[in-house]
Every structure is written in C-alpha cells, then in structure tokens.
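Structure, as structure tokens:
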Amino acid sequence: MITDFIKEDHIKVGVKADTWQDAVKQSGQLLLAIDAIEERYIDAMINKVVELGNYIVIAPGIAMPHARPEDGAKKTAITLMTLEEGVSFGHEKNDPVTLIVGLSAVDNKLHLETLASLMELLGNDEKLQSILNSKTEKELYTHL
Amino acid sequence: MLRILTVCGAGVGSSMMLKVFTQQILSNENIEAVVNASDIGSINPQDADIIITTTDFSNLFRNTTGRVLQIDNLTDKENLRVQLLQCISEIEK
C-alpha cells in the first residue's frame, strides 16, 4: 500500500518555487522535516542534477530528485509536493514539472514496491490530475 | 542468456524502477534474462545486450555494442513493454 509509506506529513501542496533548484531544495526540506535525511543530502540532490543532467525528470510533469544512501539518507522515505506553477528542468519533452517526488533511500530494496505502485498510480491520467488539483494535503492523501 | 542493464544517476531511483518493470514484463512474457540496475558511474556498457535508461544518458553509451532503449516516461509501462519486446525480437533475429 502506498499509504503505508507516504503519510499526510510527507505531502505538501501548492508550493511556490521559482526555479528547479528551489523546487528540489524544498522537496529536500520536506524530507528533512520528517527526519529522513541529514541536511547535506539536499545539496547532493541538487548536485546530482548539475553533474548528470535532468534524468530525474521521470515522466511528463514529474521529477524524482534523490541522492545516494551515503549522501546523508537516514531512512527510506518518499514525499510528494505539488507546485503552484510548473518549473523548467530543461527537459526537452517533460517540462514543465509540477509534481516533485522526493526520495531518500538507505538501500535499494525497501522502497521499490511503493515506488512501483506510485508510478502506476501516476500513469493513470485521471488520478494524476486529481493529485495535481488537490487543494490540501489531506485531499491529496485520499487519492493515494 | 540475455543481459539487460538499467541505468540512472544514483542507482536507487529510476534504474531500480526500470529494473522492476523490466522483470515484470519479461516474466509475463516468459523471457529469461539477467536484469541488473546500476548507477552511471559504475557501469560497463559492454556488459549488456540491452541498456535501458532515461533520455539524458543515452549519448554516453554511443560506443556500446548493446542496444540502448530510451524511456522518457517511467509511468508508461506499456511503452516500455513495446520497446523492450521489439528490441529483443531484433536481437533474436
């Protein structure tokens, strides 16, 4: 179950972000708020994109910023953040991004089933629209 | 045995998703293959018959002998299935 893993306090809706860096940083701060990461993990999330490109934009409108376990992940967690206005990651097909799936992983196993279910959920256009249109965290949570 | 490598930047996110979806697809089709996920820094492109990755890395594998599949949308498993099966049938020819 996705909701075994993503709780209401893992969600933030209608976030204002000016740039992709700002969006990733705020997604990191949400992971920090639930004590899933050390603060240095946030910089690593941004640096991965600077180093390796915008491969974290995993689908139209959706980015999944994350770093490696040794970059300061304390526990495995997934957060969801919707943006008030889309930001550009410089991706030729999938910009603008309005949904940020923050990920911290302490190994490469625990989160897989949840992530796979989440991908299938987000692949359903109707569900995705309900998530993007949610006005409150509580409302978004009910769509998971 | 077919060797498939899924690749992303950190080795814990999209490459793992691609690995899970690829295994699901292959098992539904009764195709045997070794599927490994890896980060971009620690792969050897020569070790794979098929490399599956998100768009941005594809040009890093230009010298590989394997085939490279670019997946722009991780939520679209059907697209992955179609591309993967087509790729495998071309290799088997």
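Letters go in sequence order (proteins before strands), and every chain restarts at 1.
By the rule that hydrophobic residues join a cluster once side-chain heavy atoms approach within less than 4.5 Å of another member, B:Val82 and B:Ile25 end up as members of separate clusters. B:Met1 and B:Val35 are assigned to two separate hydrophobic clusters, defined by single-linkage of ILVMFWY side chains at heavy-atom distances under 4.5 Å. Criterion: ILVMFWY side-chain heavy atoms under 4.5 Å apart, direct or through other members. Under it, B:Ile91 and B:Ile71 are part of a common hydrophobic cluster. In terms of hydrophobic clustering, with Ile, Leu, Val, Met, Phe, Trp and Tyr side chains grouped at heavy-atom distances under 4.5 Å, B:Ile40 and A:Val50 are assigned to a common cluster. In the hydrophobic clustering of this structure, A:Leu30 does not group with A:Ile100; members are Ile, Leu, Val, Met, Phe, Trp, Tyr whose side-chain heavy atoms approach within less than 4.5 Å, directly or through other members.
Taken to the nearest 0.5 Å, the OG1 atom of B:Thr54 stands 7.5 Å off from the NE2 atom of A:His91. In this structure, CD in A:Glu120 is found 11.0 Å from CG in B:Asp76, a value given to the nearest 0.5 Å. Atom NZ of A:Lys127 and atom OG1 of B:Thr75 lie 15.0 Å apart (nearest 0.5 Å). Separating the SG atom in B:Cys8 from the NE2 atom in A:His66 is a distance of 4.5 Å, to the nearest 0.5 Å.
Counting non-hydrogen atoms of neighbouring residues, nucleotides and ligands closer than 6.0 angstrom, the CD atom of A:Glu85 reaches no more than 12 such neighbours. No more than 12 heavy atoms of other residues, nucleotides or ligands shown are found within 6.0 angstrom of NZ on A:Lys138.
The part of A:Ala105 that comes within reach of chain B is its side chain, from C-beta onward, which places non-hydrogen atoms under 4.5 angstrom from that chain. Residue B:Glu78: no heavy atom, backbone or side chain, is found under 4.5 Å from chain A.
Closest heavy-atom contact between A:Ala59 and B:Leu74: CB-N, 4.2 Å. Listed here is the closest heavy atom pair of A:Asn94 and B:Asp72: ND2-O, 2.8 Å. The two residues B:Gly13 and A:Leu103 come nearest to each other via the heavy atoms CA-CD2, 4.0 Å.
Side-chain contact between B:Asn73 and A:Pro60 is present, with heavy atoms from C-beta onward closer than 4.5 Å.
Of the residues listed (A:Leu118, A:Leu115, A:Ile58), the one engaging B:Met17 in a side-chain contact (heavy atoms from CB on, under 4.5 Å) is A:Leu115, and it is the only one.
Listed by chain and residue number, B:Leu2, B:Leu26, B:Ile31, B:Ile50, B:Leu84, B:Glu92 satisfy the side-chain contact (heavy atoms from CB on, under 4.5 Å) test with B:Ile88 (two or more places apart in sequence, or in another chain).
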